[in-house]
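Take a look at the structure below.
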There are 2 protein chains.
Amino acid sequence: MEGEQLQAIETSQSLAERLFVTLRGEIVEGQIAAGTKISEPELARRFNASRGSLREALMRLESLGLLERRVNVGARVVELSERGLLDLYEVREALEGMACRLAAQYHTDEDLTELRQMLAHHEKQEGLQAGQAYFQPEGDFDFHFRIVQASKNDLLIDTLCNRLYYRVRMYRYQLGMASPRAKRAFREHSHIIEAIEAGDGELAELLMRRHIRASRNNIEKKLTRDH
Amino acid sequence: MEGEQLQAIETSQSLAERLFVTLRGEIVEGQIAAGTKISEPELARRFNASRGSLREALMRLESLGLLERRVNVGARVVELSERGLLDLYEVREALEGMACRLAAQYHTDEDLTELRQMLAHHEKQEGLQAGQAYFQPEGDFDFHFRIVQASKNDLLIDTLCNRLYYRVRMYRYQLGMASPRAKRAFREHSHIIEAIEAGDGELAELLMRRHIRASRNNIEKKLTRDH
DNA sequence: CTCAACAATATTGTCGACAATCTGTAAGCG
DNA sequence: CGCTTACAGATTGTCGACAATATTGTTGAG
């Protein structure tokens, strides 16, 4: 039994880094199910890596909030809960709202160009979407990602893009929260960009918060329906 | 030359954990200066620990944003910048504002009792404060800490209390940003608690954001004065 | 039959050594 | 004289082995 190859395509920086990226993907996409107990020796053998390198990857995953580690017990993939998802949206509302406020003030011309371009691409895809919102989630993702970049606040960018968003994607993949409100989301995105372009930070923040809260309410409703 | 003892008083969970706590304290308080290059072998010898255990501590410090690590180069204590401090306050404004909104809705009776108690203690100390705002910073800290706890949003609590606040304290210690606006801060704290008690989340958020933004403006003014 | 103490097993925490990579210095060349 | 290139030293990345701890299964007493 051979250890498997882990993405040789990546610019291989360090083994631990590659393990981290690979495992992060598998956890986010659910190939390693939520709540799973992680066995260090087993995973190490699987990738033909030492336990040390693997442990480094695990610790990074922990700092992402994708794993929970307890001393002398081991690591488990984080459990997905309704409460956790709703909490996440509250934090996003606060953070992305601020990102919009800042983006309205500090965005570059390039930021706006890319945002508009993204929106157009978005609209085109939406045209041939008749019930199947397949690529919508990733598109929505790019939009939020790009807005945050425009805020020019490195701490904010890091917190959202390198931390929370992986958790968001994990929930989307595994609880399948693809927004069935694609058309509405598109209009909201459009208005947000306009506010940013107009330099109206206050409005931009308000719209983004309302946008995210609408998603949250949508989820909350769906969850209580399945109760 | 003997390796030094690291807080035996702590409930020793694991060596790496203790190393982490110790180093975190030294970085926050500036005993290990900002921008310092970290030598793994040197620190390992200093604590009579193996490099492996030390590396684990370093990685946790990195995830706190207190260290920056680059592959095959090593770790440096993060550099303190004016921009970094202002960024930090923007994120706090967003997050703690939301914390207040949630606290107004979800706080327990115990939360309110502790907050009021803290405020009273705070007021008493302020009486004998005539220019020396020594303990003020920590008191202010406890207040914000307690508010966040009352939000009952685990992700928000973790992000602020286990991440950002260490960075805040590092800036306070090393750039000495003890608020010279103690009396005013006290009144603002008082009003925030009242809003939370009244269950007025909207007002509580507004007041907290204004409170933090006032601190930020204060800092910004001081920085431009020293230009 | 249930519960508690104990032994066996497996897993995690810690360590020291080796290999890969970077930094700084000095020699060679244009 | 300045720039590139080779070398030496040191540091980081990776590995396998040992010790400490938790978990599981078993046995015996009540």
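The sequence lines fix the lettering, A, B, ..., with proteins before strands; numbering per chain opens at 1. In what follows, every heavy atom counts, from backbone to side chain, and hydrogens, waters and symmetry copies are set aside.
Between B:Glu17 atom CD and D:dT21 atom P the separation is 16 Å, expressed in whole Å. What separates CZ of A:Arg18 from P of D:dG13 is a distance of 13 Å, to the nearest Å. Atom pair B:Glu42:CD and D:dG9:P shows a separation of 21 Å (rounding to whole Å applied). A straight line from CZ of A:Phe47 to C1' of D:dG13 spans 18 Å, rounded to a whole angstrom. Between the CG atom of B:Asn72 and the C1' atom of D:dT11 there is a distance of 9 Å, rounded to whole Å. Put simply, CD on A:Glu40 is 6 Å from P on C:dG13, counting in whole angstrom units. Atom P of nucleotide C:dG16 and atom CG of B:Asn48 are separated by 9 Å, given to the nearest angstrom. As a whole-Å value, the separation of B:Arg45 CZ from C:dC15 C1' is 16 Å.
With no hydrogens or angles considered, no side-chain donor-acceptor pair links A:Asn218 and A:Ser215 at under 3.5 Å.
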Which atom pairs, one a donor and one an acceptor, fall under 3.5 Å between side chains of residues 90-98 of chain B and the rest of the protein, sequence neighbours left out?
residue: B:Glu90; atom: OE1; partner: A:Asn153; partner atom: ND2; Å: 2.9
residue: B:Glu90; atom: OE2; partner: B:Arg216; partner atom: NH2; Å: 2.9
residue: B:Arg92; atom: NE; partner: B:Glu96; partner atom: OE2; Å: 2.7
residue: B:Arg92; atom: NH2; partner: B:Glu96; partner atom: OE2; Å: 3.1
residue: B:Arg92; atom: NH2; partner: B:His144; partner atom: ND1; Å: 3.4
residue: B:Glu93; atom: OE1; partner: B:Arg213; partner atom: NE; Å: 3.4
residue: B:Glu93; atom: OE2; partner: B:Arg209; partner atom: NE; Å: 3.1
residue: B:Glu93; atom: OE2; partner: B:Arg209; partner atom: NH2; Å: 3.1
residue: B:Glu93; atom: OE2; partner: B:Arg213; partner atom: NE; Å: 3.3
residue: B:Glu93; atom: OE2; partner: B:Arg213; partner atom: NH2; Å: 2.5
residue: B:Glu96; atom: OE1; partner: B:His144; partner atom: ND1; Å: 2.5
residue: B:Glu96; atom: OE2; partner: B:Tyr165; partner atom: OH; Å: 2.9

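Panel note: side chain B:Glu17, backbone B:Ala57; no donor-acceptor pair is recorded below 3.5 Å. Side-chain N or O atoms of B:Arg76 include one that pairs as donor or acceptor with a backbone N or O of B:Gly35 at under 3.5 Å.
Distance from the side chain of B:Pro41 is smallest to D:dT12 among D:dT12, C:dG13, C:dT11. When distances are taken from the side chain of B:Ser50 to each of C:dT14, D:dT11, D:dT14, the shortest belongs to C:dT14.
One distance of note links CD of B:Gln31 with OH of B:Tyr173; it measures 9.5 Å at 0.5 Å rounding. Atom CD1 in A:Ile192 sits 4.5 Å away from atom CE in A:Met208 (nearest 0.5 Å).
Along DNA chain D, the nucleotide nearest to A:Arg70 and the one nearest to A:Ala16 differ in position, and the one closer to the 5' end is contacted by A:Ala16. Each of A:Val73 and B:Lys37 was assigned the nucleotide of DNA chain D with the nearest heavy atom; the assignment lying further toward the 5' end belongs to B:Lys37.
Residues from residues 51-63 of chain B with heavy atoms under 4.0 angstrom of DNA chain D, sorted by number: B:Arg51, B:Arg55.
Contacts of B:Phe143 classified as ring-ring contact (aromatic ring centres under 6.0 Å, His included), with partners at least two apart in sequence or in another chain: B:His189.
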